[in-house]
Amino acid sequence: MLVVQGASLYVVGSMLDGFAWQIRSLLVPTAAVSTATAVLVAWWLGRRVAGRLAEITRAIALAHHAESRDLLAKRAADEIGSLVESVNGLADSVALRERRILESALSDPLTGLPNRALLADRIRQMVSVSQRSRSGFAVALLDLDRFKFVNDTLGHATGDLLLQEVARRLRATARESDTVARLGGDEFVLLMAGGVDAAREVTRRVLDAMKTPLRCNDQLIDIGVSIGISLYPEHGEDDVTLLRHADSAMYSAKRTRSGERVFDGDAGAVRRSYLSLLGEMRAALESGQFVLDYQPKLALRTGLIAGFEGLVRWNHPVRGRVPPNEFIPFAEQTGFMREITQWVIAGGARFARVLADAGLNLTVALNVSALDVENPEFGREVLEILRSQPIDPKRLCLEITESGVVSESDAALKNLLAISRLGVRLSVDDFGTGYSTLKQLQQLPVDELKIDRSFVAGIHRNRGNLTIVRSTIELGKQLGLKVVAEGVETVEELRCLARLGCDEVQGYYLSKPMPEADVVGWVEMRHALYLSARETYFEMLAERR
């Protein structure tokens, strides 16, 4: 039994050995084939992944250097596809960043206009085109008047809004072919094809567009500009020279308050003259070159002289008499106006004392810059002058431009109130050229309105001027203010103002400004003639053509 079992086990073992050999003979080739297949698949996948990764690496390198924006095809929704999406996002982000950097390098971030670098490039392009076509072009440089005053008074945020509004108006006014750029600060440039006539046509439209005030937080801001024009090739053949000459012409326009000016001289000489003028003002003030001439004011109701306006003049030893519009704007820009104003008020107060000692009950009016009113020390400075000159403060009147009187700064209001409490009279000079409101006039301690000469000229035949002057006089009466008209040059204008109820007049018809030494004798002579012919004066006012 055991032998049979052993034999059976032997047979079974032999059979299992045979099966195992057969299985091994089948598995070895299969394993070999599988291994080879796996190797081939791995090799293929490796090459595929390596190729895609190499492509991605090149794309990243190109994106890094901003040399390409070409996007990669995703091709598969797997990890490689996700990586491709990330690389595409990187390429887009880098391209956007580079585009923004390029734009910021060539444009002004505040206004969006081309900046100095792009403007210079466009001028060079215009030079090349003009040389081939033998044509010309113009460069107009614009500078805002009183921009520093706006910034200092209303803040830089308001200043930025003003610059943005100027940029908008320039774009709306310029021709489609023109380039509008911002150099920086409050300077803008118009690059225009064509000659001087075409350029002036555009700049005149710009000046008209800037006449409308900007409203900001219920405050109206006057946008005044001065424009200088240079022409290619007459005034320069490169961007630097053309801009420099346009800048020189702009300063000439600002100095003469003419709005615009075409370059007509050597820029270096103009600038050297300008710097020399600034350097000489302090010495002129100390050496007595500045003087006050006085122009009389006539009281229309009585026919008697009511007072004088002191007008500063500069008797230069070499240049001769320098008119105020030649040096006052520069004095304001450099901060020297404060010294001139102190000298003017002191001189006017001293002369008021001279008139009082001569038995003349006359008021002396003096011009004060809007910048002076903004000076926190101005009220104290006026008080010190009055202490040094023992006069009745009512004999002194400070004429302040409308923009200075209606300024909403705390310093200006504090100064006006302090000066009014001293007894000094306050006048709104050039009334009608600014943008004050009835509410502002009611709240301010002013005593008189002075109608600008531009509204008085030809009032007897200009219906528009007549309407403005009549309304101003009626407004003054309603507010209890004296009304003075300046710039009266004809008897017809004098009669018209008398019929409208104007209080006082001044102008060349009455007298040109005269030296201080001539005033007392002139007044005594005038009053003597009046007393002898009083009826003739009123008959003259009543005459009608």
Side-chain angles (χ1 to χ4, degrees), residues 146 149 152-154 292 294 297 306-312 328 331-332 335-356 361-431 433-434 436-451 476 479-484 486 503-504 506:
R146 302 176 297 279
F149 175 75
D152 294 344
T153 305
L154 303 178
L292 283 172
Y294 292 92
K297 295 181 180 181
F308 284 82
E309 179 183 359
L311 302 167
V312 64
I328 292 297
E332 292 176 340
F336 190 67
M337 195 63 213
R338 180 176 178 179
E339 283 81 356
I340 293 179
T341 299
Q342 290 182 30
W343 178 88
V344 167
I345 296 176
R350 179 191 53 77
F351 183 60
R353 182 66 189 177
V354 171
L355 295 175
N361 184 23
L362 302 175
T363 300
V364 176
L366 305 162
N367 289 287
V368 174
S369 166
L371 296 177
D372 293 313
V373 181
E374 295 293 329
N375 173 19
E377 300 298 317
F378 184 60
R380 181 186 57 79
E381 291 169 354
V382 173
L383 174 60
E384 291 178 356
I385 291 172
L386 289 176
R387 285 173 175 171
S388 66
Q389 299 288 344
I391 62 168
D392 182 354
K394 292 181 179 179
R395 291 180 176 269
L396 211 57
C397 177
L398 299 186
E399 296 186 0
I400 307 170
T401 56
E402 189 171 354
S403 60
V405 171
V406 302
S407 171
E408 295 186 352
S409 74
D410 292 338
L413 183 58
K414 182 178 179 181
N415 281 328
L416 293 175
L417 291 172
I419 293 170
S420 178
R421 283 194 292 266
L422 291 174
V424 177
R425 301 178 65 82
L426 293 174
S427 173
V428 183
D429 196 12
D430 300 333
F431 183 75
T433 60
S436 59
T437 65
L438 182 60
K439 180 180 178 181
Q440 287 173 314
L441 288 175
Q442 287 178 314
Q443 295 174 343
L444 292 169
V446 296
D447 301 284
E448 72 176 35
L449 302 180
K450 197 169 186 184
I451 304 174
L479 295 176
L481 304 177
K482 180 192 295 184
V483 180
V484 181
E486 62 179 348
D503 296 302
E504 295 179 5
Q506 71 180 90

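The residues of the chain are indexed from 1 along the displayed sequence. Computation of the quantities below employed the complete heavy-atom set of this structure, encompassing side-chain atoms and omitting hydrogens, waters and symmetry-equivalent molecules.
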Measure the OG1-CZ distance between T341 and F336 for me, rounded to the nearest 0.5 Å. 10.0 Å

Can you tell if the side chain of E381 reaches within under 4.5 Å of the side chain of N375, non-hydrogen atoms only? yes

Could you tell me if the side chain of N367 sits less than 4.5 Å from the side chain of E309, heavy atoms only? yes

So V312 and I328, do their side chains get closer than 4.5 Å, heavy atoms only? yes

Check whether any side-chain heavy atom of E486 sits under 4.5 Å from a side-chain heavy atom of D429, and report yes or no. yes

Apply the test side-chain contact (heavy atoms from CB on, under 4.5 Å) to residues K482 and D447: give CA-CA distance (whole Å), side-chain angles for both, the deciding distance (0.1 Å), then the verdict. CA-CA 6 Å; K482 180 192 295 184; D447 301 284; over 6 Å; no

How far apart are the C-alpha atoms of E448 and R425, what are their side-chain angles, what is the distance that settles it, and do they pass the salt bridge (Lys or Arg N to Asp or Glu O under 4.0 Å) test? CA-CA 8 Å; E448 72 176 35; R425 301 178 65 82; 5.1 Å; no

Please report the interatomic distance CD1(I400) to CG(N415), rounded to the nearest 0.5 Å. 8.5 Å

Mind checking whether I345 and F378 have side chains closer than 4.5 Å, heavy atoms only? yes

At what distance, to the nearest 0.5 angstrom, does CG of L413 lie from CD of E374? 10.5 Å

Indicate yes or no for a side-chain donor-acceptor contact from D503 to the backbone of V483 under 3.5 Å, with no hydrogens or angles considered. yes

Distance-minimising heavy-atom pair for R353 and I391: CB-CG2, 3.5 Å

Between K450 and Q506, is there a side-chain heavy-atom distance shorter than 4.5 Å? yes

Kindly say whether I385 contributes a backbone atom to a donor-acceptor pair with the side chain of S388 at under 3.5 angstrom? yes

Taking side chain as C-beta onward, heavy atoms only, is T363 less than 4.5 Å from K394? no

Point-to-point distance, once rounded to the nearest 0.5 Å, from CG of L366 to CZ of F351: 10.5 Å

Backbone N/O of Q389 and side chain of R350: donor-acceptor pair under 3.5 Å: no

Taking all non-hydrogen atoms of both residues, which atom of L426 and which atom of L416 are closest, and how far apart? CD1-O, 3.7 Å

Looking only at heavy atoms, which two atoms of V424 and L398 are closest? And how far apart? CG1-CG, 3.9 Å

Could you pull out the closest heavy-atom pair between L386 and P393, with the gap in Å? CD1-CB, 4.4 Å

Decide yes or no for L422 and L396: does some side-chain heavy atom of the first lie under 4.5 Å from some side-chain heavy atom of the second? no

